[in-house]
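Read through the structure below, which is laid out as structure tokens, and then see the notes.
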Amino acid sequence: MKRLTPYLLALPGWMWLAIFLVVPMAAMASVSLQTGNAIDGFAMTFSVSNYTDALSRYSTQLVRSLAYGGAATLAMLLIGYPVAYWIAFKGGHRKSMYLFLLLLPFFVSFVLRTISWGFLLADDGILFGTLKGWGLLPADFHVLATAFAVIAGLTYNWLPFMILPIYVALERVDPRVVEAAQDLYASRTAAFRRVVLPLSLPGVFAGVLMTFVPATADPVNAQVLGGTSNTMIGNIIQTTYLTNLQYPTASALSFTLMAVLLVGIFVYARVLGTENVLEAAAR
Amino acid sequence: MAELNAIELEGVVKEYVSHGEVVQAVKGVTLDIAEGEFFSLLGPSGCGKTTTMRMIAGFEEPSRGVVKLHGQDVTNVPPNKRDVNMVFQSYALFPHMNVWDNVAFGLKQRRTPQEEIKRRVGEILEIVDLTGREKRRPREMSGGQQQRVALARALVNRPSALLLDEPLGALDLKLRQAMQIELKRIQREVGITFVYVTHDQSEALTMSDRIAVMKDGLVEQLAGPREIYERPASSFVAGFIGTSNLLSGVANGGVLEVGGGRVLVPEREGDVTLTVRPEKITISAEKPDGEVSVVPGTVTEVVYLGTYTSYAVSLAGGTEVTVFQQNAHDARNIAERGDAVWLSWQAQHSYALGS
Ligand SMILES: Nc1ncnc2c1ncn2[C@@H]1O[C@H](COP(=O)(O)OP(=O)(O)OP(=O)(O)O)[C@@H](O)[C@H]1O
Ligand SMILES: [Mg+2]
């Protein structure tokens, strides 16, 4: 009985996963192999053409999503690491306050926040409108409806998910260990490169996972900030499902995206997630 | 030409501002540590030992005063440019590196040729008896092994001085004693200056050439172990180092009257506080003769401690005196609780504080 207790305690969790993850996935997998239309109904035909069609028609958007997601992740890493570092090592007793400030935007709905960026970046909005009025920017300058706007939006929206895991990893670095490196003739830069950075890599690893996946699949930023020429795969899935009611195609697209992301994560984990890499980084 | 001291502190003060208040962790320490010396900083928790050591290592800048290494002023030199290495209380090993990389770290930072790194790391691992464990990670090792890695990591650089901040604090008694002997052996072998922080007085007494006893950010006494033990400079030192009996009163004609007894006080008149070590006192049922200090008392407690027995004896007037008596072959105690006894000791074993 004692030995069973942990399993029993985990049971609700497993049930939750079974019901809300496995069942919908199975249903979606089945839909993705059906053919038909919303009016006459769909029938199971085990056709993989949904997948091949989806891939050939929307490969541009798929590649674009991966590129935007990747660019946003990189931007988050470059912005987020220094912030996490600063809070962890210079935050003093205000650390919790800084973390709270970081999460403050989350008290406002995600979509609303993104729309506000739309206002802010509008061609004749408060920012650019004013600057153009003063003649500081050319009249045809615009940010909205560019790749830059989408990537910036993605970066903004998921930045805390990059910062938090890196912060947690840095917070656990014993300051004495850094001092030991300096005591052993390492300059500040060398101590960072050979001790702090390698010890924070698990946080970087987690941060990249937590941001790359949702950023790549996100439809909102592309829709609100990207205009018509920056459509991402999330937008395609959304319209295919909600507007065009082509459930099989939408399901096939979702699965394709999931497969691509899973393979990417798997390769990434194999390459970066091992102890050997962490050790090599310290050399 | 006088030989240069390995380390010199001149009026070193360290102030911290915490919660808007200035705290003096070190209030003015001046000391010289000679080349090759085993020097201990001893004192109770919070007296400023670590802070003093961190200023020598360069992690803290003194608020006032000068730190010199080999006669050179290094007060504002960062730690990576100082020729001293530190062994941290918590070891502070690099958790992501194996033993070899931990030990080789300093040599690599100083761009030592590969061949030499190999040779020196191999040598030092042999000295600390860790050959064959090169590929282990710190967390896969016992406390004693980690301690030796930390020691090797510092020693391999052949610094002019090694700073050790309570390096044995985390070890159990048995391992601690083994490591004390080990440390002493290594120090003799490599012949470099050791600055050793501890709050364990027996550790300081057995290992050091000289000891600085610290209290509240100041050095209370700086002397060799024997002198610190036999001739403590203050009641604080007397109480901190081992067990000590304090007897106060007014000396008159070479004699101090305490609890109905006569304590011989050479070379002192007037107000005086004497210390007498418990093992110097003899207990007897009869009043002893001869030129010795003699005081009557009543045994209030008897504690058997293996090699010796500890007696608490209360004098008339309330002063408590602790006496250690070696346990002889017959298994009987010299006195039992409630016995009226005489305490006696040689005149030279009374030491007047502050003389
Ligand atoms: N960064 C700091 N800020 C404020 N006060 C400090 C700081 N570091 C040390 N102190 C204070 O300075 C005093 C001396 O500290 P230190 O660490 O040198 O003591 P220690 O003798 O090493 O004690 P222990 O035996 O407990 O290690 C303590 O009262 C401590 O609270
Ligand atoms: Mg300390």
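Note on naming: letters A, B, ... go to the chains in the order of the sequence lines (proteins, then strands), and numbering restarts at 1 for each one.
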> Contact part of B/L163 toward chain A, heavy-atom cut-off under 4.5 Å: side chain, backbone, both or neither?
Replying inline: neither

[X] to [Y] - nearest heavy-atom pair and separation:
{"X": "A/A180", "Y": "B/A92", "answer": "CB-O, 3.7 Å"}
{"X": "A/D183", "Y": "B/F59", "answer": "CB-CZ, 3.7 Å"}
{"X": "A/L184", "Y": "B/N85", "answer": "CD2-ND2, 3.8 Å"}
{"X": "A/V177", "Y": "B/P95", "answer": "CG1-CD, 4.3 Å"}
{"X": "A/A186", "Y": "B/N80", "answer": "O-CB, 3.3 Å"}

> With a 4.5 Å heavy-atom cut-off, do A/Y185 and B/L107 have their side chains touching?
Replying inline: no

> Any side-chain heavy atom of A/L199 sitting closer than 4.5 Å to one from B/F94?
Replying inline: no

>> Is A/D174 close to chain B through its backbone or its side chain, or both, or neither, when contacts mean heavy atoms under 4.5 Å?
In response: side chain

>> Is A/A181 close to chain B through its backbone or its side chain, or both, or neither, when contacts mean heavy atoms under 4.5 Å?
In response: both

>> I'd like to know if the side chain of B/H96 reaches the main chain of A/R194, judged simply by a donor and an acceptor atom lying under 3.5 Å from each other, with no hydrogens or angles considered.
In response: yes

> Rounded to the nearest 0.5 Å, how far does CE of B/M86 lie from CD of A/Q182?
Replying inline: 12.5 Å

> If you count the non-hydrogen atoms of other residues, nucleotides and ligands that lie under 6.0 Å from CZ in A/F89, is the total more than 12?
Replying inline: yes

> More than 12 foreign heavy atoms under 6.0 Å from CZ of A/F266: is that the case here?
Replying inline: no

>> Heavy-atom pairs under 4.5 Å with chain A: which of B/K81, B/R82, B/R54, B/Q89 has the most?
In response: B/R54

Pairs of donor and acceptor atoms involving the side chains of residues 65-74 of chain B, under 3.5 Å and at least two apart or interchain, shall be tabulated with distances.
residue	atom	partner	partner atom	Å
B/K68	NZ	B/E10	OE2	3.4
B/D73	OD1	B/T75	N	2.9
B/D73	OD1	B/T75	OG1	2.5

>> Pair B/Y91, A/R176 - check side chain to side chain contact (heavy atoms under 4.5 Å, CB included), show working.
In response: CA-CA 9 Å; B/Y91 312 141; A/R176 298 274 176 263; over 6 Å; no

